[in-house]
Amino acid sequence: MTTITRGTDTLTRDALTVLQPGFPGTTAPDWLLRRLGEGLASVGLFGRNIASPDQLAALTAQLRAERDDVLVAVDEEGGDVTRLEVRTGSSFPGNYALGAVDDVDLTRRVAHELGRRLAECGVNLNWAPSADVNSNPANPVIGVRSFGADPALVARHTDAYVTGLQSAGVAACTKHFPGHGDTAVDSHHALPRIDIPAEALAERELIPFLAAIGAGTKAIMSAHILVPALDPVRPATLSRPILTDLLRRDLGYEGLIVTDGMEMQAVAATYGIERGSVLAIAAGADAICVGGGLQDDATVRRLRDALVTAVRTGELPEERLADAAERVRSLARWVATAPTGTGAPEPDIGLTAARRALHLTGADGFTPLTAPPYVAALTPVANIAVGSETPWGVASELVRLLPGTRTGSFTGENTAPAILAAAGERHIVAVVRDEHRHPWMSSALDALLTARPDTIVVEMGVPQSPPRGTPHIATHGAARVCGRAAAEAITGA
């Protein structure tokens, strides 16, 4: 059982309870274990903390030896954003692929299997799914993390995902409220602004969140975005009109409200993480997510002390902090009693989904490759949510199917001559990601297809540009299983 250290007063315990910090390494540091004994109730895991399922299970057991009701959270969306398989690529194709298939039972089964694997490793809170409607094709941070651009489609798959995940005993945290899909700025770097009327927001962005609430999502994550129609001054994470008036009162949501990472520049650069955390709790948030970039005891102490000081000076009502802490404990009680790992494992469900999501055009007369090709990955800069350490593409799968396959990564203007020189006489497979967002990528493809009209094009992002290539393969995501499905199509496997 959990033992709270004597001398830790109620106010300090509540301040620790609402934090969701990260930490370095694959074992829990002493300072983290000590804070769990003092009242810390949640821990966030990232790719740096996970080496294997066995190691992760040992880590979560270590945390529970100190506090048996600890919430262990992870940012495991599947698809492009994976922490369980950060070094290999995900076994699940991600939201956009699931939306492309548009089979809600498949989405539910994928989410259940992902949840089952998380539960086996001792993770009980997943910062997923993304319920954002990807209405802006230029969005630099959502893209294939969304189920699509149609609110009704996103809503029905959000419902299925929440249902599937929570049926495995893992709490869903639906994000990013009130909707991050119509942004052209990445909130990791700056504050996005969405200038649409409140009526349009209700008819588009809010529809999937209503579905998530109807499905019983245990948590909702706020977005660091400014929506002047709702609050012209503060971003959603710090906005009482958005979190309390809209989400709690108007939409009737009673579960946990979690902030997006407080060290993201949309909040940190303007308010600072200490003041931002105080304002977030005052606005109606219940849990402060921090730890993607900041991962030390000093950060936990700074935020704890900022919250305690805000209560003592009257800036933050003590009852608001106590209410937030109780909502955290309520979720901990739910996951402690929820059935985990129920149902038969479906180890191949992710690959099944990836195969069904594949879309081929220009394949008339195409003969599957039998000789090892040259794979040219036209590589954009990865956004922070995805990260740069997760492999993507089709090269590794083509190496498996066609030993001797060679590959190279290319970025920027005038890359086509380098690709042609490296490929020689080999068949070229050009792999792109969101071609419509990168003019240099389109130029490179133009030059490649002019010189080598038989170039195969694999689009692993949002297939917004007109399809070209013989064939053009849209995978609707860059997960490992998406690459495998594309490689099978290329080789006829």
Side-chain angles (χ1 to χ4, degrees), residues 79-80 89 93-94 96-97 100 143-144 351 354-380 391-412 414-493:
D80 289 26
Y96 203 72
V144 295
L351 180 58
R355 287 169 173 160
R356 289 182 62 186
L358 210 68
H359 183 68
L360 276 70
T361 53
D364 292 344
F366 169 70
T367 302
L369 301 189
T370 56
Y374 185 82
V375 180
L378 280 63
T379 307
W392 68 285
V394 302
S396 62
E397 292 297 331
L398 282 173
V399 167
R400 181 177 61 84
L401 295 172
L402 296 175
T405 294
R406 293 173 53 203
T407 186
S409 179
F410 302 86
T411 301
N414 302 314
T415 59
I419 294 171
L420 291 167
E425 298 300 315
R426 290 169 178 254
H427 206 121
I428 297 174
V429 179
V431 187
V432 298
R433 204 167 178 174
D434 293 334
E435 180 202 341
H436 65 284
R437 292 184 48 238
H438 305 286
W440 67 267
M441 203 178 283
S442 293
S443 297
L445 281 184
D446 288 341
L448 281 176
L449 289 165
T450 298
R452 298 282 295 272
D454 63 347
T455 295
I456 298 168
V457 178
V458 182
E459 168 62 86
M460 304 197 81
V462 177
Q464 191 74 20
S465 295
R468 48 202 176 133
T470 51
H472 179 279
I473 302 172
T475 61
H476 301 95
R480 174 171 50 84
V481 286
C482 296
R484 179 172 175 181
E488 291 172 347
I490 291 169
T491 61

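Side chains included, hydrogens not; waters and symmetry mates left out as well; all remaining heavy atoms used. In this text, all values refer to a predicted model and were calculated from it rather than measured experimentally.
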Please name the pair of heavy atoms, one in [X] and one in [Y], separated by the smallest distance, quoted to 0.1 Å.
| X | Y | value |
| --- | --- | --- |
| A478 | W392 | O-CB, 3.6 Å |
| P463 | E459 | CA-CG, 3.9 Å |
| A97 | T475 | CB-O, 4.2 Å |
| L398 | A487 | CD2-CB, 3.9 Å |
| G79 | A479 | CA-CB, 3.8 Å |
| A430 | L445 | CB-CD2, 3.8 Å |

Would you say the side chain of [Y] lies within less than 4.5 Å of the side chain of [X], judging by non-hydrogen atoms?
| X | Y | value |
| --- | --- | --- |
| V458 | I490 | yes |
| H438 | S465 | no |
| R468 | T455 | no |

Please name all residues satisfying side-chain contact (heavy atoms from CB on, under 4.5 Å) with D454, sequence neighbours left out, ordered by chain then number. H427, R452, T470
Let's go through T407 and V394 carefully: what are the C-alpha distance in whole Å and the side-chain angles of both, what is the deciding distance for side chain to side chain contact (heavy atoms under 4.5 Å, CB included) to 0.1 Å, and is it a yes or a no? CA-CA 10 Å; T407 186; V394 302; over 6 Å; no
Can you tell me how far [atom2] of [Y] sits from [atom1] of [X], rounded to the nearest 0.5 angstrom?
| X | Y | atom1 | atom2 | result |
| --- | --- | --- | --- | --- |
| I456 | I473 | CD1 | CD1 | 6.0 Å |
| R355 | E488 | CZ | CD | 4.0 Å |
| D80 | M460 | CG | CE | 8.0 Å |
| L448 | I419 | CG | CD1 | 4.5 Å |

Could you tell me whether a side-chain N or O of T415 sits under 3.5 Å from a main-chain N or O of T411, the two making a donor and an acceptor? no
Residues two or more places apart in sequence or in another chain: which of them pass side chain to side chain donor-acceptor pair (under 3.5 Å) with R400? E397
Under 3.5 Å, which donor-acceptor pairs do the side chains of residues 357-380 form with other protein atoms, sequence neighbours left out?
residue : atom : partner : partner atom : Å
Y374    : OH   : G408    : N            : 3.4
T379    : OG1  : A377    : O            : 3.2
T379    : OG1  : S409    : OG           : 2.8

